[in-house]
Student: 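Please read through the structure below; I'll follow up with questions.
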Amino acid sequence: MKAQSLRRFLVVRLVVFVLPLLAVGVWFHWRAERGLLVKVFEDRLISRAHTLATLMAANAEDPGAVLAEYMPGFRNASDQDFFQVWSPDGEVLHRSPSLGTSELPAIFGTESEPMSFEAHGPGGVRIHAIGIRFRARPSVANGISMSEFGVVVGAHNDALVTSLRGGLIEVLAAAGVTLLSLSVAIFISLRQGLNLIDRVVGTVRKINPRDLGQTLSLADVPSEIQPFVSTLNDSMALANELYDQERSFNANVAHELRTPVSEIRAAADVALRYPNQADSTEALQDVLRVSIQMGQMIDALLRISRLQAHELQFEYHRLDLSLALKDRCTALSNESPDGSRIDAHYAGDLHTTTHESTWDMVVNNLLSNALEHSEPGTRIDVSMTQVEGGVLLEIENAAPGLSRDQVGHLTERLWRGNPRAGASEHSGLGLAIVAAACHRLGWSLAFDLQDARLKVRLRVPTSHARSEGPVGGAVSKTS
């Protein structure tokens with residue numbers, strides 16, 4: 001699909017919006033202009049009708065001579081103005097010579113409300129006329145009462161049409177100037193507004209694709225596109241984080257698998273050289289053991305990556321944390337070969353809505369880590385209490401081999417501390433998985449080292465609140 005130009009899109013939308021408004025404005029303007037021109041034309045006819053009535057009322061004995069003298073525009077057949085006068089009985093008293101043999105219709109209004117109408121004059125020409133019935137002082141001319149008479153005064157439509165045509169040209173010219181002015185204003189406004197976007201685009205183009213740690217400043221960005229720039233910054237930060245995770249993952253896998261692969265190669269070489277001897281069986285057992293370790297390590301690394309990339313979907317259920325903690329503490333204490341024990345304390349039933357298997361995995365890894373680094377026969381103190389907004393789990397154990405500088409590395413992938421003598425070999429991924437899971441579920445995880453004792457604090461909200469921020473946001477270390 002071809003990309004659409006924002007400038008073209010805005011121009012088209014503005015034109016589609018402005019043109020109908022301009023057309024409506026022109027129509028109303030023309031209606032007002034036309035009404036004004038017609039009113040001026042009719043006012044002229046009304047003024048002539050009043051003049052005609054005044055002359056007739058003042059010269060009732062011989063009005064024809066007065067009209068011929070004072071209203072010369074009606075004398076000839078070629079004139080464009082016409083009038084006709086009727087008695088109250090409908091008898092035609094006077095008519096302008098310009099009418100020839102034609103008759104005007106006897107249509108009258110009052111002096112306060114004259115009647116306007118269209119009629120046909122000599123040769124069928126169209127006439128715009130005004131009809132008024134006047135009342136004057138009583139008089140008699142040629143035996144006819146002149147106390148009331150009707151007057152119709154008209155003019156050729158060409159004069160009105162010429163005026164209307166001129167008014168229409170003026171209205172269209174004004175509309176053209178308005179359209180041109182609006183076009184220039186729209187062009188300048190769009191150019192100035194889109195220049196701000198062009199600056200943002202120019203800044204984005206300068207970003208090095210291999211350096212996604214850069215961010216765009218919101219200082220000079222229009223408020224309308226600040227959410228877009230903020231989302232872009234967040235996306236680049238997430239992409240940079242995922243890129244670092246992938247690079248670290250590849251480096252860790254390459255480093256960690258080099259030794260077991262070498263062991264498998266050496267064991268396979270022994271098995272091939274001495275296929276019928278005891279060394280061959282022992283070598284194959286080593287191959288199996290190392291393969292299992294490699295599979296566990298790969299599974300753990302993949303789980304961490306999927307947690308950090310938010311690829312795992314969880315179903316949440318109501319869980320009794322105290323019962324789950326009791327079962328896990330009992331199982332690990334019974335499995336401890338050196339007499340170490342876990343002493344758990346919790347107040348009543350503690351419930352929350354969470355992912356059950358993840359809770360079991362987190363608690364199991366934290367307790368296993370405590371047993372791994374404690375001296376044989378020591379006690380691991382575990383407590384769980386209800387706090388505001390959630391449940392707080394605390395695990396404390398002696399950690400004589402752990403320094404303050406090492407606390408910050410506890411949740412790093414494949415980092416191994418100094419396990420106590422005789423402890424089983426581990427991959428260094430347990431706490432990394434715990435940190436990733438806590439972040440994914442919105443749990444708070446903190447480590448504190450005081451007087452050679454390590455205390456782990458895990459805070460689980462009462463209601464599920466998944467985090468979508470940076471991976472390290474759920475884990476803190478103090479020393």
Side-chain angles (χ1 to χ4, degrees), residues 319-352 354-387 390-404 406-412 415-420 423-424 426 428-462 474-479:
L319 179 63
D320 185 348
L321 299 184
S322 56
L323 180 60
L325 178 64
K326 177 181 178 182
D327 293 342
R328 182 50 47 190
C329 290
T330 301
L332 289 177
S333 294
N334 295 334
E335 294 172 3
S336 177
D338 54 19
S340 297
R341 71 180 190 278
I342 300 175
D343 195 0
H345 304 277
Y346 42 86
D349 296 334
L350 302 173
H351 292 79
T352 187
T354 188
H355 188 248
E356 182 174 359
S357 62
T358 302
W359 164 261
D360 291 338
M361 180 271 295
V362 168
V363 172
N364 184 73
N365 281 353
L366 291 176
L367 293 175
S368 298
N369 184 76
L371 290 171
E372 190 78 22
H373 293 84
S374 298
E375 294 297 327
T378 59
R379 185 184 66 187
I380 311 298
D381 293 323
V382 178
S383 66
M384 186 164 60
T385 55
Q386 188 82 42
V387 295
V391 174
L392 177 63
L393 171 66
E394 294 182 316
I395 301 175
E396 184 175 354
N397 64 280
L402 187 65
S403 67
R404 295 193 175 189
Q406 293 175 324
V407 173
H409 301 284
L410 289 176
T411 58
E412 292 181 4
W415 183 84
R416 299 178 179 87
N418 301 316
R420 59 178 173 80
S424 60
H426 61 92
L429 293 172
L431 292 183
I433 295 177
V434 168
C438 289
H439 166 73
R440 183 67 175 81
L441 295 173
W443 300 351
S444 173
L445 179 66
F447 298 88
D448 184 20
L449 182 66
Q450 295 290 342
D451 300 327
R453 293 187 65 82
L454 179 67
K455 177 177 285 189
V456 182
R457 293 186 178 90
L458 174 64
R459 185 186 182 97
V460 180
T462 303
V475 183
S476 61
K477 298 99 178 177
T478 59
S479 61

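Atoms considered below: every heavy atom in the structure, side chains included; atoms not considered: hydrogens, waters and symmetry mates. Numbering starts at 1 and runs along the sequence shown.
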Student: Between CG of L371 and CG of L366, what distance do you get to the nearest 0.5 Å?
Tutor: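 Taking CG in L371 and CG in L366, the distance rounds to 11.0 Å.
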Student: As a test of understanding, state which of V456, D343, N397, L393 forms a side-chain contact (heavy atoms from CB on, under 4.5 Å) with V382.
Tutor: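 Between V382 and the candidates, side-chain contact (heavy atoms from CB on, under 4.5 Å) is satisfied uniquely by L393.
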Student: Looking at CG of D327 and CG of L323, how far apart are the two atoms once the value is rounded to the nearest 0.5 Å?
Tutor: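 It is 5.0 Å, given to the nearest 0.5 Å.
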Student: Can you confirm whether W359 sits close enough to L458 that some side-chain heavy atom of one is under 4.5 Å from a side-chain heavy atom of the other?
Tutor: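 Side-chain contact under 4.5 Å: yes.
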Student: Under 3.5 Å, side chain of Q386 to main-chain N/O of G390, donor-acceptor pair present?
Tutor: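 Side chain of Q386 to backbone of G390: a pair is present.
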Student: How close do G442 and P461 get, counting heavy atoms only, and between which atoms?
Tutor: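 Residues G442 and P461, closest heavy atoms: O-CG, 3.7 Å.
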Student: What are the two closest heavy atoms between A399 and L454, and how far apart are they?
Tutor: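 It is CB-CB, 4.0 Å.
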Student: Nearest 0.5 Å please: distance from the CG atom of L431 over to the OG atom of S368.
Tutor: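 Result: 10.0 Å between the selected atoms.
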Student: Output the distance between atom NE2 (H345) and atom CG (D381), rounded to the nearest 0.5 Å.
Tutor: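 Answer rounded to 0.5 Å: 6.0 Å.
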Student: Under a 4.5 Å cut-off applied to non-hydrogen side-chain atoms, are E394 and R459 in contact?
Tutor: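 When only atoms from C-beta onward are counted, R459 and E394 do not touch, as no gap falls below 4.5 Å.
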Student: Calculate, to the nearest 0.5 Å, the distance between atoms CD1 and NZ belonging to I342 and K326 respectively.
Tutor: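 NZ of K326 is found 14.0 Å from CD1 of I342.
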Student: Can you tell me how far apart CZ (R328) and CE (M361) are? Round to the nearest 0.5 Å.
Tutor: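 Here the rounded value is 12.0 Å.
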